[in-house]
Amino acid sequence: MIRTAIGDLNSVGQGEKVRLNGWVQDLRRLKSIAFVVLRDHTGTVQVTLKPDALSNYNEVSELSRESVLEIEGKVDRKSGAKAGMEIQALSVNILNISRSPLPLGIDDPVEADFDTRLNNRFLDLRKKENNIIFRVESSLLWGMRKYLMSQNFVEVHTPKIVAAATEGGADLFRVKYFEKETYLNQSPQLYKEILMSSGMDRVFEVGPAFRAEEHNTPRHLNEFTSVDIEMSFADHNGAMTMLENAVKSGIEEVLAINADALKLLGKELGVPEVPFPRITYKECVKIIEKKGFTFNYGEDFNTEHLKEIGKEFPGFYFITEWPATVRPFYTMPKQDDPSLTNSYDLQFGEKEITSGAQRVHDPDMLEKRFMEKGLNPSDFEFYIKSFRYGMPPHAGWGLGLERLTMIILDIPNIRSVTLFPRDRTRVVP
Ligand code: AMO
């Protein structure tokens with residue numbers, strides 16, 4: 001008999017036989033009858049166990065919580081079960097017995113502290129409201145992938161053990177690679193650009209990015225999932241259009257696939273209108289100065305500044321035309337004012353989700369930019385070389401998948417939307 005998901009029992013008729021697989025969420029033994037609340041990834045159902053129907057009744061009715069069962073039984077809608085239905089067990093196969101007590105309760109009314117939850121993440125994720133986050137993230141990414149594929153992007157995979165830093169030398173994890181010193185990649189930046197010179201035209205990558213940032217905040221991980229694109233014969237405007245449409249498509253997919261999840265999590269989500277507003281860095285400086293902050297023009301905005309700007313723009317919006325002082329070497333200067341750049345961040349209120357830009361494609365200008373940033377171009381020879389033999393103009397972005405998931409589900413801590421978070425103190429599990 002094929003397995004029925006508990007969530008699909010509604011479409012099974014009275015008296016029909018089903019096979020269910022799941023965990024014992026609760027077990028109550030009365031005088032001559034026992035009730036199991038069986039749980040799978042789709043929900044729970046009550047199963048009635050009777051001694052005369054089951055040869056192993058005594059063993060089953062003594063089982064510990066979270067033991068794993070396969071149950072064959074009949075659907076009974078006439079009994080007094082609260083959910084309007086229960087299962088009358090015909091056979092129970094014990095697939096595994098859980099030890100007791102559990103290090104973390106699955107349906108305890110009092111929530112355990114976050115560290116205990118993360119230390120026992122396999123149990124924590126058995127809670128529907130926790131594991132459903134990752135179903136939402138999966139459909140969000142699927143919607144973005146669908147859009148990018150429809151625009152002729154090719155999904156690629158670039159190395160994560162690398163010889164050069166892309167986003168600044170301070171935040172690098174060092175890896176001993178036989179006789180050489182190498183790093184874990186902070187971003188696929190250099191490789192996705194090299195692929196533009198390979199004639200691949202449009203590429204995207206979904207993969208891990210590593211940042212040895214010391215600070216422990218609710219928005220930073222030391223390993224996060226970066227969704228990156230790079231496109232040829234395009235500038236920052238073309239890349240921003242791709243970004244807003246990809247985000248919209250991701251949200252549409254969540255709404256189409258995860259309506260139940262959103263209801264369970266109590267989240268309201270709407271499809272954002274595109275195009276998203278574009279606000280320049282200079283306009284943002286005016287906003288924060290108006291609020292009484294003294295601001296050093298040319299610096300990055302801090303959390304307090306972004307809070308103020310976010311109050312003016314509570315939804316998705318771009319901050320554009322950042323000064324060259326705060327953008328990496330690969331960022332294209334603005335043609336009519338080279339102190340600024342053809343760059344942007346995608347924001348949601350005070351939160352940054354994406355950075356992107358048109359890139360420098362002239363190898364001489366690129367070498368100059370390296371030197372201006374105090375970097376030695378010869379350390380990047382493998383990258384600059386790909387610019388010398390016909391590099392097309394190109395642009396792209398990198399989006400933090402966990403950051404976008406936090407935003408669409410309105411979840412305050414990035415660790416909640418990461419299966420096994422890596423932060424300043426946590427590398428296990
Ligand atoms: P940037 O360094 O701004 O740009 O990173 C891009 C996006 O990645 C996410 N992100 C993080 N998420 C969680 N924890 C972190 N420590 C963390 N650091 C970054 C953010 C951020 O907006 N190469 C460029 C992208 C490009 O221009 O294509 C880059 O990596 O959501």
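Just so you know, these numbers come straight off a predicted model, no measurement behind them. Note that ligands are numbered from 1 as they come in the structure, with each ligand's atoms numbered from 1 the same way. What you see below is based on every heavy atom in this structure, not just the backbone, and it leaves out hydrogens, waters and symmetry mates.
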| query | If you count the atoms of ligand 1 from 1 in the order shown, which ones are under 4.0 Å from a heavy atom of Arg219? | reply | 13 (C), 14 (N)

| task | Kindly determine whether Asp8 and Ser11 satisfy side-chain hydrogen bond (donor to acceptor under 3.5 Å, both in side chains), including the steps that lead there. | result | CA-CA 6 Å; Asp8 292 338; Ser11 52; 5.6 Å; no

| Would Arg327 and Asp345 pass as an ion pair if we require N to O under 4.0 Å? | yes

| note | So the atoms of ligand 1 within less than 4.0 Å of a heavy atom of Thr354 turn out to be 22 (O)

Please output the side-chain donor-acceptor pairs of residues 401-414 that fall under 3.5 Å, not counting sequence neighbours, one pair per line with the distance.
residue, atom, partner, partner atom, Å
Glu402, OE1, Thr225, N, 3.1
Glu402, OE2, Thr225, N, 2.9
Glu402, OE2, Thr225, OG1, 3.1
Arg403, NE, Arg219, O, 2.9
Arg403, NH1, Glu352, O, 2.9
Arg403, NH2, Arg219, O, 3.2
Thr405, OG1, Glu137, OE2, 3.2
Thr405, OG1, Leu401, O, 2.8
Asn413, OD1, Arg415, N, 2.9
Asn413, OD1, Arg415, NH1, 3.0

| message | My understanding is that we take every heavy atom of each candidate and find the minimum distance to atom 24 (C) of ligand 1. Doing that for Tyr330, Trp397, Tyr344, which one comes out nearest? | response | Tyr330

| message | For ligand 1 and Gln189, I'd like to know whether there is a polar contact (N/O to N/O, distance under 3.5 Å). | response | yes

| Distance-only N or O hit between ligand 1 and Leu399, under 3.5 Å | no

| query | Counting from 1, what ligand 1 atoms have a heavy atom of Lys192 closer than 4.0 Å? | reply | 26 (C), 28 (O)

| Which atoms form the tightest heavy-atom contact between Leu20 and Thr4, and what is the distance? | CD2-O, 3.3 Å

| said: Are any of the N/O atoms on His220, whether in the backbone or the side chain, positioned under 3.5 angstrom from an N/O atom of ligand 1? | reply: no

| query | What residue and atom, counting heavy atoms only, is the protein's closest point to atom 21 (C) of ligand 1, and at what distance? | reply | Glu352 OE2, 3.2 Å

| said: Below a 4.0 angstrom heavy-atom separation, can you tell me which part of Phe224, side chain or backbone, both or neither, approaches ligand 1? | reply: side chain

| message | Within a 6.0 Å radius of atom OH on Tyr177, are there more than 12 heavy atoms belonging to other residues, nucleotides or ligands? | response | no

| Identity of the nearest option to atom 6 (C) of ligand 1, non-hydrogen atoms only, from Gly398, Ser343, Pro421 | Gly398

| query | Against heavy atoms of Ile353, which atoms of ligand 1 measure under 4.0 Å? | reply | 7 (C), 20 (C), 21 (C), 22 (O), 31 (O)

| Quick one: are Ile309 and Ile279 in side-chain contact, heavy atoms under 4.5 Å? | no

| query | Hey, is Glu308 close enough to Lys311 for a salt bridge, meaning N to O under 4.0 Å? | reply | yes

| Looking only at protein heavy atoms, which one is nearest to atom 20 (C) of ligand 1, and how far off is it? | Arg403 NH1, 3.5 Å

| Between Asn119 and Arg426, is any side-chain donor less than 3.5 angstrom from a side-chain acceptor? | yes

| task | Indicate, as side chain, backbone, both or neither, the part of Asp345 found under 4.0 angstrom from ligand 1 when only non-hydrogen atoms are considered. | result | neither

| task | Mark yes when over 12 heavy atoms from residues, nucleotides or ligands other than Lys176 sit less than 6.0 Å from its NZ; otherwise mark no. | result | yes

| task | Distance to 0.1 Å, residue and atom name: give those for the protein heavy atom nearest to atom 27 (O) of ligand 1. | result | Arg359 NH1, 2.8 Å

| field | Carboxylate-amine/guanidinium proximity below 4.0 Å for Asp124 and Arg121 | value | yes

| said: Checking side chain to side chain contact (heavy atoms under 4.5 Å, CB included) between Leu195 and each of Val156, Val154, Leu190, Asp201, which is the one that passes? | reply: Val156

| query | Which of the atoms of ligand 1 are close to Ser187, meaning less than 4.0 Å from one of its heavy atoms? | reply | 23 (N), 30 (O)

| Nearest protein heavy atom to atom 4 (O) of ligand 1, by residue and atom, and its distance? | Ser355 CB, 3.6 Å

| said: Can you tell me which residue among Val24, Ile87, Asp26 is in a side chain to side chain contact (heavy atoms under 4.5 Å, CB included) with Val36? | reply: Val24

| query | Of all the atoms in ligand 1, which lie at a distance below 4.0 Å from a heavy atom belonging to Gly400? | reply | 7 (C), 8 (O), 9 (C), 31 (O)

| message | If we set the cut-off at 4.0 Å for heavy atoms, which region of Glu230 has an atom near ligand 1: side chain, backbone, both, or neither? | response | neither

| field | Residue-ligand contact Gln186/ligand 1, heavy atom below 4.0 Å | value | no

| field | Note: Arg278-Glu321 ion pair, threshold 4.0 Å (strictly below) | value | no

| said: Taking 4.0 Å as the limit for heavy-atom contacts, which would you say applies to Arg211 with ligand 1: side chain only, backbone only, both, or neither? | reply: side chain

| Is Gly356 in contact with ligand 1, taking contact as a heavy-atom separation below 4.0 Å? | yes

| request: Going by heavy-atom distance to atom 16 (N) of ligand 1, choose the closest among Thr418, Thr217, Leu221, Ile414. | output: Leu221

